[in-house]
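Position 1 is the first residue of the sequence, and the numbers go up from there. Just so you know, these numbers use all the heavy atoms, side chains as well, and skip hydrogens, waters and symmetry mates.
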Amino acid sequence: MLVIIPCGGKKATTARPASLMYSGPYFTVCLNYARFLTSDDHIRILSSKYGLLPLKQEISPYEMRINDKEAISGSELRNQAINQGLVDESDVIIVAG
């Protein structure tokens, strides 16, 4: 099972693993719920800048929304899913507001 959760607007100010970058209450609830459903290896954070982030991937802080011109595109997301071996997942849960 793959669980995709949203990133958050409240971020740390220095580079760190994706699971520790976002600190808002909604992100925290989504991450806890995802961890209730599956293991960390089967969770991805959907970031408007970086796309599908494994929890351990180190990233730098950024300011971007999913509808910004510079945000990751659908084709880039698809390529990430292919490269991460996610396209054959039979069960996918998307946690979103």
Side-chain angles (χ1 to χ4, degrees):
M1 172 190 320
L2 172 65
V3 180
I4 300 173
I5 62 174
C7 64
K10 187 173 180 183
K11 298 174 188 72
T13 57
T14 58
R16 61 195 60 215
S19 66
L20 302 175
M21 176 57 67
Y22 310 99
S23 57
Y26 184 69
F27 173 79
T28 301
V29 168
C30 290
L31 179 58
N32 289 338
Y33 181 64
R35 284 178 163 158
F36 172 78
L37 296 173
T38 193
S39 66
D40 283 7
D41 291 343
H42 297 282
I43 299 171
R44 294 295 183 275
I45 300 168
L46 178 57
S47 161
S48 54
K49 180 174 181 170
Y50 297 106
L52 295 169
L53 292 169
L55 298 184
K56 294 179 183 178
Q57 183 174 332
E58 180 123 347
I59 59 170
S60 296
Y62 63 95
E63 290 302 323
M64 185 179 297
R65 295 194 170 276
I66 200 72
N67 58 352
D68 288 352
K69 286 187 293 185
E70 302 84 17
I72 192 156
S73 70
S75 61
E76 290 171 306
L77 285 171
R78 177 163 175 72
N79 287 337
Q80 286 183 341
I82 291 167
N83 291 336
Q84 294 180 33
L86 304 176
V87 293
D88 292 328
E89 289 282 346
S90 58
D91 295 318
V92 178
I93 296 174
I94 299 173
V95 180

Can you give me every donor-acceptor pair (side chain of residues 42-60, partner residue at least two apart or in another chain, under 3.5 Å) with its distance?
| residue | atom | partner | partner atom | Å |
| --- | --- | --- | --- | --- |
| R44 | NE | Q84 | OE1 | 2.4 |
| R44 | NH1 | D41 | O | 3.1 |
| R44 | NH2 | Q84 | OE1 | 3.4 |
| S47 | OG | K49 | N | 3.2 |
| S47 | OG | Y50 | N | 3.0 |
| S47 | OG | Y62 | OH | 2.9 |
| S48 | OG | M64 | O | 2.9 |
| Y50 | OH | S60 | N | 3.3 |
| Y50 | OH | S60 | O | 3.1 |

Give the minimum heavy-atom separation between A12 and L20, together with the two atoms involved.
CB-O, 4.3 Å
Transitive ILVMFWY side-chain link V29 to F36, under 4.5 Å:
no
Does D40 have any side chain to side chain donor-acceptor pair (under 3.5 Å) partners at least two apart in sequence or in another chain, and if so, which?
R35
Applying a strict under-4.5 Å side-chain criterion to I, L, V, M, F, W and Y, I'd like to know whether V3 and M21 cluster together.
yes
Would you kindly confirm whether L31 and L37 end up in one hydrophobic cluster when ILVMFWY residues are joined by side chain heavy atoms under 4.5 Å apart?
yes
Between CZ of F27 and CG of N32, what distance do you get to the nearest 0.5 Å?
9.0 Å
Shared hydrophobic cluster for I5 and I72 (ILVMFWY, side-chain gaps under 4.5 Å)
no
Taking Y22 as the fixed residue, which of C30, C7, P61 is the one that meets the side-chain contact (heavy atoms from CB on, under 4.5 Å) rule?
C7
Any side chain to side chain donor-acceptor pair (under 3.5 Å) involving residues 6-15? Give me the pairs, sequence neighbours left out, ordered by first then second residue.
T14-R16
Residues in side chain to side chain donor-acceptor pair (under 3.5 Å) contact with S75, at least two apart in sequence or another chain
S73
Among all residues two or more places apart in sequence or in another chain, which pass the side chain to side chain donor-acceptor pair (under 3.5 Å) test with R65?
none
Side-chain atoms of residues 85-97: list all donor-acceptor pairs with protein atoms under 3.5 Å, sequence neighbours left out, distances to 0.1 Å.
none

